[in-house]
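Structure, as C-alpha cells:
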Amino acid sequence: MDTPQEDAIGVLNAQVKRGERVVLQDASLVLRPGEVVALLGANGAGKSTLLSLLAGEIKALSAAAAQQPFLNGKPLRELSLGEQARVRAMLPQRSGLAFDLEVFEVVAMGAYPFPELTTAQVGALVELALDKADVAYLANRRYLELSGGEQQRVHFARVILQVLAGRNDDPRGRYLLLDEPTASLDPLHQQGLLMAARELATAERVGVLLILHDVNLAALWSDRVALLANGTVFACDTPVKALTPANLAQVYGMALHVTDHPRHPGTPLVVFG
C-alpha cells in the first residue's frame, strides 16, 4: 500500500462526491518524481475527478488528514495555491484562452508562480519549453489562429515551463498532471508529446500523471499504469502486470486480447473486440 512521502504527490483512501453521486471511493494513488504513470478508466469513471483532487480544485469528502491529498510531505490544504503552483502544474482537457496573444506570451504564463525570475530568465525558459514541446516554429504566431491540436501543444509548453522554472534552486519533486493531453493530436504529435513527458521525468525528476484513452500508448510510455473502476484504483503496476485481460475487462467491460508487442518485447499490446 502506498504511503505519504516527503517527495511525492498523492492521496490515500479518498472519497469524492459530485452532487449526490460518490465518484471516488477509497481511491489511492501516489506519484513520485522521475516516473510516468498513466491513469486509465472508462468514461465517467472518475479520472478527471482524481486529477482535480490532486490539483487542489476539489476537496475530499472526509476531513480526516489521512484521506486528504498531499504534496511533498505536506497536506495540500495547508499549501497556498501559489505554493502548489511552484511544484505542480496541471494541463486540463480544454485550456480555454480567449485573449489574442502571441504563442510566446501564452507559454510565458507558466512563469507566473515565479515572480522572482527576470525577464531574461523567463525568455530563456520560454524558448526551452517551446523546444521541448516541439512548437518553437509557432512562437510568433497568434494563439487564436492556431488549430486545436496546436493550441494544446502550446499549453503543454506552458506547463513544461512551470515545472522547470527555478529548478536549479529547488530540488523538491515537481509534478505534471495531464488530462487527456493527446486527445486532439495526430499520431505523430501524440508520440512527440509523450516522448517529451518521458524526457522530463528522466532528466528533470518530474513526476508525470497522464489520463489516456489509448491503452497501447499507456503501455508504451508509462512506468506504471493505474486502473480505475467503480471509484477505486484497483490496480497500479507495471504495464505488463496491470494490463491483463481480467483487469481490462473490469475497466472496460468488453472482449479483448492481450499479446506481446511485436516491436517492443515485454510490452503488452491490447486488441479490443
Side-chain angles (χ1 to χ4, degrees), residues 33-36 38 51 55 82 84-212 217 220-221:
E35 69 171 350
V36 178
L51 246 68
Q84 295 177 37
R86 291 178 70 92
V87 293
R88 184 262 303 128
M90 180 172 178
L91 182 63
Q93 292 181 31
R94 299 175 185 84
S95 300
L97 182 63
F99 300 107
D100 188 24
L101 300 175
E102 285 190 353
V103 165
F104 194 95
E105 297 173 292
V106 174
V107 177
M109 291 178 177
Y112 284 176
F114 303 88
E116 71 276 12
L117 295 178
T118 66
T119 300
Q121 288 173 323
V122 173
L125 282 167
V126 170
E127 292 181 1
L128 177 63
L130 286 168
D131 182 64
K132 287 186 176 294
D134 194 26
V135 287
Y137 68 99
L138 297 175
N140 297 318
R141 293 275 302 277
R142 310 303 297 187
Y143 172 81
L144 294 181
E145 295 175 355
L146 304 180
S147 70
E150 289 172 330
Q151 290 180 351
Q152 183 73 348
R153 292 164 64 208
V154 167
H155 282 291
F156 181 54
R158 173 179 56 78
V159 295
I160 288 176
L161 188 155
Q162 187 177 340
V163 295
L164 293 182
R167 195 71 184 106
N168 293 336
D169 300 321
D170 184 358
R172 293 178 299 171
R174 299 284 180 98
Y175 309 96
L176 264 180
L177 310 179
L178 308 176
D179 194 351
E180 296 187 36
T182 61
S184 60
L185 304 183
D186 59 47
L188 175 65
H189 291 111
Q190 288 179 353
Q191 295 283 341
L193 185 148
L194 294 172
M195 182 181 296
R198 160 58 62 200
E199 290 175 352
L200 285 170
T202 302
E204 301 290 346
R205 289 189 68 250
V206 175
V208 181
L209 180 60
L210 299 157
I211 289 180
L212 294 173
L217 283 179
L220 278 172
W221 294 101

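The first residue in the sequence is number 1, and the count goes up from there. Just so it is clear, the model here is predicted, and its values are computed rather than measured.
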Atom of [X], atom of [Y] and distance for their closest heavy-atom approach:
| X | Y | answer |
| --- | --- | --- |
| Ala196 | Phe156 | CB-CE2, 3.8 Å |
| Arg153 | Asp134 | NH2-O, 2.8 Å |
| Leu200 | Lys132 | CD2-CD, 4.2 Å |
| Val154 | Val106 | CG1-CG1, 3.8 Å |
| His155 | Leu91 | CB-CD1, 3.5 Å |
| Pro113 | Ala85 | CG-CB, 3.7 Å |

Backbone of [Y] reached by a side-chain donor or acceptor of [X] within 3.5 Å:
| X | Y | value |
| --- | --- | --- |
| Arg174 | Val206 | no |
| Arg167 | Glu204 | yes |
| Arg205 | Pro171 | yes |
| Arg198 | Val36 | no |
| Ser147 | Glu150 | yes |
| Gln190 | Leu185 | yes |
| Gln162 | Arg88 | yes |

Pairwise distance [atom1]([X]) to [atom2]([Y]) - rounded to 0.5 angstrom:
| X | Y | atom1 | atom2 | answer |
| --- | --- | --- | --- | --- |
| Gln152 | Leu146 | CD | CG | 12.0 Å |
| Thr182 | Leu194 | OG1 | CG | 6.0 Å |
| Tyr112 | Leu161 | OH | CG | 11.5 Å |
| Leu188 | Leu193 | CG | CG | 11.5 Å |
| Arg158 | Met109 | CZ | CE | 8.0 Å |
| Asn140 | Glu105 | CG | CD | 10.0 Å |

- Does atom OH of Tyr137 have more than 12 heavy-atom neighbours from other groups under 6.0 Å away?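 Yes.
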- Take Met90 and Tyr175 through the side-chain contact (heavy atoms from CB on, under 4.5 Å) test and state the conclusion after the steps. CA-CA 8 Å; Met90 180 172 178; Tyr175 309 96; over 6 Å; no
- Query: Does the pair Glu102 and Arg141 meet the rule for a salt bridge (charged side-chain N to carboxylate O under 4.0 Å, His left out), with working shown?
  - Reply: CA-CA 6 Å; Glu102 285 190 353; Arg141 293 275 302 277; over 6 Å; no
- Pro181 and side chain to side chain contact (heavy atoms under 4.5 Å, CB included): which partner among Leu176, Ile211, Leu210, Val159?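 Considering Leu176, Ile211, Leu210, Val159, a side chain to side chain contact (heavy atoms under 4.5 Å, CB included) with Pro181 is found only for Leu210.
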Determine all donor-acceptor pairs shorter than 3.5 Å in which one atom belongs to a side chain in residues 121-131; sequence neighbours excluded.
| residue | atom | partner | partner atom | Å |
| --- | --- | --- | --- | --- |
| Gln121 | OE1 | Thr118 | N | 2.8 |
| Gln121 | OE1 | Thr118 | OG1 | 3.4 |

